[in-house]
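A quick note: this is a predicted structure, and the numbers were derived from the prediction, not measured. Counting convention: from 1, in listed order, for ligands and their atoms alike.
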Amino acid sequence: MDKLVIEGGIRLKGEVTVSGSKNAVLPILAATLLTDEPCIINGVPNLRDVNTMIKILRSLGKNAELDKGTVTVTPGKHTNFVADYKLVSTMRASFCVLGPLLGKLKKAKVSLPGGCIIGIRPVDLHLKGIKALGAELSIESGYVIAKAAQLKGSHMYLGGVYGSSVLATANVMMAATFAKGKTIIESAACEPEVADLAEFLIKMGAKIKGFGTPIIEVEGVRYLRGAIHTIIPDRIEAGTLMSASLITRGDILIKNVFYQHLGAVIDKLQEAGANITKTDSCLHVRPRRQLRPINVTTLPYPGFPTDMQAQIMSLMAVTAGISVITEKIYPDRFMHVAELNRMGAHIQREGPHAIVEGVKCLSGAPVMASDLRASASLVLAGLVAKGKTSVSRIYHLERGYENLEEKLQRLGARIWKEKE
Ligand code: EPZ
């Protein structure tokens, strides 16, 4: 197993290019199950999660290859409607094969995703939506079994305790493409990744309106063709790199960014004292003077993304003053707090709030990554800490960041991989 070693204290400078979005490509790969024709997906990051989804497509009978940022999916000799526990349990996002399998094959058997360290993540909204389309559902031996001779369009409300659900919206939208008549999804997720999926489905011949808003309409069709699509850039990777520039008091030009997808992040970083210049598909990020403490509350899009909560906490950990960070999507998503405190941060957890008292500097230490975004926050802390930090279990990081270590090295960071 590898760990990352970081020698802090370097101001990052230069240009860096953002990869394609992990959270956009995963449901889009699942959507290729809706057609028997070839699909070509460009701008795909080479990530552990992408390779898991490719394995799942192959286990469901597809030929799927990732080569230099392009995934080609073609029909295989057989089709299979069972998504195996062994694969699904390694990645929750694979649960979004349920909708396309049911839509296309009229039956699906998909393992329930297991537990997750960032919080209880039920799939009740996925099942509610699929049931509303007229599917028969049962849960047996850890699998969801769904079948329907013909799905029927339906008007449903898909909001939950914590608001809308990204992958439940994706799952239902994909199944509804083959439902008879019109489906209306109220309290749909508005994330750019959902809109990118809708764009891809429309290229395949689906009829979808209102994506990017809380009300999505899908008119069922009989057939979907293959399509060629380029994935949107990863807004969370862009947000992480913006934080890297600010935490090291650096000066970075971030390329291949849709800054329209980062409204809440840009707003909060500017409030903290960041100097951010937007050009076509670039963001130039550097601190104005001393950064200021800010209060942040995570919300569904277009609110502040929960996937940026840990990174902003690292930034506030070295910003003089008191910041309050409130997690409204996953109230227990605070595994990084103890590790940051090991590096000398002063962070106190109070239920869904973290009270961050900024310190002058952090000190390098051995720390452990617990999940994808927590690992990014520890890397950021290591970039500014005095001395050496070693971040273990970086397989979490590799699930969602393509070559982050090389990208940071090119910006001047002293960061390298070592065997544990
Ligand atoms: C997506 O997960 C992202 N993953 C997550 O990113 C992200 O944190 C999350 O959306 C929220 O933005 C992918 O896109 C692959 P949700 P998803 O369903 O769709 C509750 C990362 O770091 N809920 O929108 O699984 C749920 O427990 C990952 O890249 C129900 O109650 O998240 C949570 O509190 C981590 N019932 C809230 O809704 C349901 O049926 C939002 O979850 C579904 C969800």
Pairwise, report which nitrogen or oxygen atoms of ligand 1 are under 3.5 angstrom from protein nitrogen or oxygen atoms, and how far apart they are.
residue  : atom   : partner : partner atom : Å
ligand 1 : 2 (O)  : R121    : NH2          : 3.3
ligand 1 : 6 (O)  : N23     : ND2          : 3.4
ligand 1 : 6 (O)  : D307    : OD2          : 2.9
ligand 1 : 8 (O)  : D307    : OD1          : 2.7
ligand 1 : 8 (O)  : D307    : OD2          : 3.4
ligand 1 : 8 (O)  : Y330    : OH           : 3.4
ligand 1 : 18 (O) : S165    : OG           : 2.6
ligand 1 : 19 (O) : L167    : N            : 2.8
ligand 1 : 22 (O) : R333    : NH2          : 3.3
ligand 1 : 22 (O) : R373    : NE           : 2.8
ligand 1 : 24 (O) : V166    : N            : 2.8
ligand 1 : 25 (O) : R121    : NH2          : 3.0
ligand 1 : 27 (O) : I120    : O            : 3.3
ligand 1 : 29 (O) : K22     : NZ           : 3.0
ligand 1 : 29 (O) : N23     : ND2          : 3.1
ligand 1 : 29 (O) : R373    : NH2          : 2.8
ligand 1 : 32 (O) : Y330    : OH           : 3.2
ligand 1 : 34 (O) : I329    : O            : 2.6
ligand 1 : 36 (N) : P122    : O            : 3.4
ligand 1 : 36 (N) : D124    : OD1          : 2.6
ligand 1 : 40 (O) : P122    : O            : 3.3
ligand 1 : 40 (O) : D124    : N            : 3.1
ligand 1 : 40 (O) : D124    : OD1          : 3.2
ligand 1 : 40 (O) : L125    : N            : 2.7

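Within a 6.0 Å radius of NZ in K328, other residues, nucleotides and ligands contribute 12 heavy atoms or fewer.
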Table please: side-chain donor-acceptor pairs of residues 204-213 below 3.5 Å, with sequence neighbours left out.
residue : atom : partner : partner atom : Å
T213    : OG1  : G210    : O            : 2.6
T213    : OG1  : I215    : N            : 3.2
T213    : OG1  : I215    : O            : 3.0

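The pair D307-R333 meets the salt-bridge criterion, since a charged nitrogen lies less than 4.0 angstrom from a carboxylate oxygen.
The aromatic rings of F258 and H261 sit perpendicular to each other, their planes meeting at more than 60°, with 30° as the lower class boundary.
With sequence neighbours excluded, no residue forms a side chain to side chain contact (heavy atoms under 4.5 Å, CB included) with P75.
Counting only residues at least two apart or on different chains, the salt bridge (charged side-chain N to carboxylate O under 4.0 Å, His left out) pairs with a member in residues 55-67 are R58-E65.
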